[in-house]
Amino acid sequence: MAFDYNTEVISSTFNTVVHEPLYNGLVFLLSVLPHADVGIAVILLTILVKLVLFPLARQAILTQIALRRINPQLEALKVEFKDDQPEQVRKMLALYKENGIHPLSGFVTLFVQLPVILGLYWVFSQGGLPAIDTSLLYSFVKAPAEVSMHFLGLFDMGGKSLILALLAGATQFVHAYIAMEPPQTTTKPGESMKDDIMRSLHIQARYVFPVVVAVIAYTISAAVALYWITSNVFMIFQELLVRSKVRGTH
């Protein structure tokens, strides 16, 4: 019973704090856009949400860059103090502090972003368009008289689109290629289980996940595919912008 109650509370909170605001945002955009084009609304809402989350995403990228920069020092500490774990941890924390790094900030920013990203995905995958669920609308949000499911008259947002699905996978690959540099390892394949796991995860993120994204985007709907494309393109430019500024200060 306690588990069911907690699940209900989490679901209710998610709907109130994340899903309903995003759904109202989508309907509001549809009500003010010419021809109530769902595709354009998907793009605009995705960009607006990404702009709001940009400071968190920027911090996560900066943390990742900083951790990679001091990785050789971290590895040296692990070797030097391999028989003294408390001292190893103390030295590593001191190194983090010296470089202004909060090692858990990446996880915190991801934890904050994840519900919003899932909510956005949920709106596009389960929104029920072109029908509008007026029971979810705020009093100041008016449902449009008609909703156009054909993005620019070319793609049916409620149907499947192989072109958009392939673009979703392709943009996911480009983003992973830019954001995920090969793991820094000092061993050859088969010599270290830890390094082998890192290599495997890197390969999956770069080459397998984009295929998964393309398959999911095609299976669910063109609206989800367009969301993924927009999100990936935004993150590509976000990654390039942050990294270029970091290079400019060094």
Interatomic spacing from [atom1] in [X] to [atom2] in [Y] - rounded to 0.5 Å:
X      : Y      : atom1 : atom2 : result
Arg90  : Leu77  : CZ    : CG    : 10.5 Å
Ser148 : Leu129 : OG    : CG    : 11.0 Å
Leu29  : Asp37  : CG    : CG    : 11.5 Å
Arg58  : Thr63  : CZ    : OG1   : 10.0 Å
Leu53  : Leu48  : CG    : CG    : 11.0 Å
Thr134 : Lys142 : OG1   : NZ    : 11.0 Å

**OP:** Please indicate whether Leu241 has more than 12 foreign heavy atoms, meaning atoms of other residues, nucleotides or ligands, lying under 6.0 Å from its CG.
**Re:**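 Atom CG in Leu241 is crowded, with more than 12 foreign heavy atoms closer than 6.0 Å.
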
I'd like to check [X] versus [Y] (side-chain heavy atoms, cut-off strictly below 4.5 Å). Are they in contact?
X      : Y      : value
Met235 : Ile178 : no
Glu98  : Ile70  : no
Leu164 : Met157 : yes
Glu87  : Lys91  : yes

Original post:
With sequence neighbours left out, which residue pairs that include part of residues 218-237 fulfil the ring pair (Phe, Tyr, Trp, His ring centres under 6.0 Å) condition?
Top reply: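 Those involving residues 218-237 are Tyr121-Trp228, Phe124-Tyr227.
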
Original post:
Residues two or more places apart in sequence or in another chain: which of them pass salt bridge (Lys or Arg N to Asp or Glu O under 4.0 Å) with Glu239?
Top reply: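 Residues passing salt bridge (Lys or Arg N to Asp or Glu O under 4.0 Å) with Glu239: Arg243.
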
Ignoring hydrogens and angles, tell me if any N or O in the side chain of [X] forms a donor-acceptor pair with the backbone of [Y] under 3.5 Å.
X      : Y      : value
Asp156 : Ala222 : no
Asn99  : Leu95  : yes
Thr171 : Ala168 : yes
Asn15  : Glu20  : no

**OP:** For Ile163 and Phe155, run side-chain contact (heavy atoms from CB on, under 4.5 Å): C-alpha distance rounded to whole Å, both residues' side-chain angles, the deciding distance at 0.1 Å, then the answer.
**Re:** CA-CA 9 Å; Ile163 294 176; Phe155 302 100; 4.3 Å; yes

**OP:** Over 60° means perpendicular and under 30° means parallel, so classify the ring planes of Phe140 and Tyr138, tilted if in between.
**Re:**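 Tilted.
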
Original post:
Name the one of Ile40, Leu167, Val42 that satisfies side chain to side chain contact (heavy atoms under 4.5 Å, CB included) with Leu226?
Top reply: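 The option that passes is Val42.
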
